[in-house]
Number of protein chains: 2
Amino acid sequence: MSKCEQCIVREFSSLKALTKDELLKLSDCKTSHIIKKGEVIFEEGENVNGIYCIKDGICKLTKLSANGKDHIVKLVTKGELLGQRSMISDEPVNLSAVALEDMQVCFIPKSEVMGYFDKNNQFSMNVMRSICGDLKEADDHMVNLAQKTVKERLAEALLYLHDTFGENDDKSLKVQLSRDELASIIGTATESCIRLLSDFKKLGLIELTGKKIVLKDINALKKLAE
Amino acid sequence: MSKCEQCIVREFSSLKALTKDELLKLSDCKTSHIIKKGEVIFEEGENVNGIYCIKDGICKLTKLSANGKDHIVKLVTKGELLGQRSMISDEPVNLSAVALEDMQVCFIPKSEVMGYFDKNNQFSMNVMRSICGDLKEADDHMVNLAQKTVKERLAEALLYLHDTFGENDDKSLKVQLSRDELASIIGTATESCIRLLSDFKKLGLIELTGKKIVLKDINALKKLAE
DNA sequence: TTAAAAATATGATATTTGTCATATTAAAGG
DNA sequence: CCTTTAATATGACAAATATCATATTTTTAA
């Protein structure tokens with residue numbers, strides 16, 4: 001079993017506040033998991049009873065809407081924790097987590113984490129700050145969905161993917177989403193998303209090669225996103 | 001100066017976890033304020049340096065979008081705290097707070113509240129749970145904005161206002177919003193909102209008398225909201 | 001490798017929603 | 001109380017977006 005003390009990823013999450021003793025204990029009670037691309041980590045409504053620490057890979061957090069379509073609420077990558085909100089609220093998870101690429105995650109049972117809240121104030125504050133960050137992001141996202149056009153939202157989403165997850169050697173976006181997934185981030189029909197991507201391509205803003213998307217004119221995209 | 005120990009509203013907020021000693025100290029450092037309808041409590045981008053506890057009244061939390069329109073992110077009423085996220089993240093506030101009716105609020109300086117986080121774990125957990133609740137609400141709201149039609153969102157908003165803030169003696173919704181404000185909750189143009197309200201009226205779902213809105217057929221509205 | 005299935009793409013069209021113009025009604029202030 | 005202003009309402013039209021049909025490409029799996 002790998003040691004949490006030596007895990008680099010830990011340094012980027014709220015867990016960085018843990019003491020040596022706490023880390024040793026954590027190593028014993030955590031379980032490591034490999035999640036294949038497309039596999040579900042947990043599903044909306046489930047009782048998770050702990051949190052997942054993402055060691056590697058990217059996943060989407062989705063919610064099923066009344067019309068039967070999934071909406072992607074957030075993308076989460078290594079160094080972040082999953083299931084914090086549900087654990088703190090003592091409720092089933094509100095979102096499903098599905099791997100967008102192969103992932104390595106560690107599961108930490110609730111009993112262990114709740115102990116940190118009692119004894120380690122720095123950890124509590126880190127978690128609080130992380131959830132506060134999520135809340136700000138969610139509020140901002142909400143306003144965008146309510147007030148911006150689909151075109152603006154698409155431009156913004158492409159820039160977000162670029163800035164947050166970076167690009168491959170061939171300059172294409174590192175996170176590879178299907179058109180369907182991209183549409184469910186910006187909240188539109190798949191066809192509308194495809195059509196706008198084609199428009200962007202014709203305008204020379206992006207380049208499309210299969211699933212690969214290269215941002216050619218970032219400034220123009222920024223202007224489009226307002 | 002009124003005593004926090006005797007304030008009933010306190011019991012409904014995270015502050016219920018405070019000890020007698022903490023409450024006595026709180027009474028000394030808090031300041032009470034009357035906010036008139038339409039007045040601003042704080043504005044997006046401001047440094048608030050503390051939190052507001054709402055003793056009476058309702059306010060809207062809004063965010064200015066790129067197109068110059070305000071979007072109402074949330075309505076907040078007595079017993080709730082304002083500015084928690086900003087204080088914890090140590091950032092300017094992300095949203096503006098504007099009174100929808102005359103309000104009584106108390107301001108508690110940051111220095112005081114941060115002390116509770118250190119010494120009172122129950123208080124920390126209460127704040128965390130409250131922010132987690134906001135996050136869940138925001139995620140849900142986001143999916144609605146992305147996936148539901150304006151009509152569905154209007155029906156939902158009316159039901160939300162009814163369930164959350166109740167009705168007056170004449171059965172009309174207690175929170176009186178302008179058409180413009182209602183539109184900026186559901187994320188649509190004012191005219192579209194007015195038009196749909198007229199449609200709902202013609203269908204016998206609601207009754208309109210000036211600004212007053214009475215829900216006549218709650219079940220039908222629920223069906224419309226899906 | 002090839003057939004079948006899924007994803008992407010595009011046209012045609014319908015529907016939803018926004019915008020502008022203009023009444024009509026209600027509210028505010030002298 | 002009346003005048004002025006703002007809010008509400010509605011029509012006509014334009015723009016954005018969704019839906020359905022169908023072609024093309026890519027991926028999957030037998």
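Just so we're on the same page: letters track the sequence lines, and every chain starts at 1. Everything quoted here is computed from the prediction, not taken from an experiment.
- Rounding to whole angstrom units, CG of residue A/Asn67 and C1' of C/dT16 are separated by 15 Å.
- One interatomic measurement links the two molecules: NZ of A/Lys212 to P of C/dA7, which rounds to 18 Å at whole-angstrom precision.
- Distances were taken from every side-chain heavy atom of B/Ala189 (C-beta onward) to each of D/dT19, C/dT19, C/dT17; the shortest belongs to C/dT19.
- With D/dT17, C/dC20, C/dT8 as the candidates, the nucleotide lying closest to the side chain of A/Thr188 is D/dT17.
- Here D/dT8 presents its P atom at 9 Å from CD1 of B/Ile213, a figure rounded to the nearest Å.
- Contact annotation: the side chain of B/Ser184 never approaches that of B/Thr62 to less than 4.5 Å [non-hydrogen atoms, C-beta and beyond].
- Note on A/Arg195: every side-chain N or O is 4.0 Å or more away from OP1 and OP2 of D/dT17.
- Each of B/Ile131, B/Asp139, B/Ile88 was checked for a side chain to side chain contact (heavy atoms under 4.5 Å, CB included) with A/Leu135, and the lone residue meeting it is B/Ile131.
- For the pair B/Lys211 and A/Ser192, nearest-nucleotide mapping onto DNA chain D gives the more 5' position to B/Lys211.
- Heavy-atom distances to DNA chain C give each of B/Gly210 and A/Leu208 a nearest nucleotide, and the one nearer the 5′ end belongs to A/Leu208.
- When each of C/dC20, D/dT19, C/dA9 is scored by its nearest atom to the side-chain atoms of A/Arg179, the top-ranked nucleotide is C/dA9.
- Taking a cutoff of 4.0 Å between a charged side-chain nitrogen and a carboxylate oxygen, B/Lys110 and B/Asp90 qualify as a salt bridge.
- Straight-line distance from the CD atom of B/Glu191 to the C1' atom of C/dT24: 15 Å, rounded to whole Å.
- Considering only heavy atoms from C-beta on, A/Leu197 comes within 4.5 Å of A/Leu154 through its side chain.
- If you take NZ of B/Lys151 and P of C/dG18, they are 14 Å apart, rounded to a whole angstrom.
- Rounded to whole Å, the distance from CG on B/Leu177 to P on D/dT8 is 10 Å.
- Judged purely by distance below 3.5 Å, without hydrogens or angles, the side chains of B/Glu167 and B/His162 pair a donor atom with an acceptor atom.
- Protein atom NZ of B/Lys201 is 12 Å distant from nucleotide atom C1' of C/dT25, rounded to whole Å.
- Nucleotides of DNA chain D nearest to B/Ile194 and A/Leu196 differ in position, and the one nearer the 5' end is that of B/Ile194.
- Regarding B/Leu182, its CG atom lies at a distance of 11 Å from the P atom of D/dA9, rounded to whole Å.
- In terms of phosphate contacts, B/Thr190 brings no side-chain nitrogen or oxygen within less than 4.0 Å of OP1 or OP2 of D/dT8.
- Toward the 5' end of DNA chain C, the nearer of the two residues B/Thr149 and A/Asp180, judged by each one's closest nucleotide, is A/Asp180.
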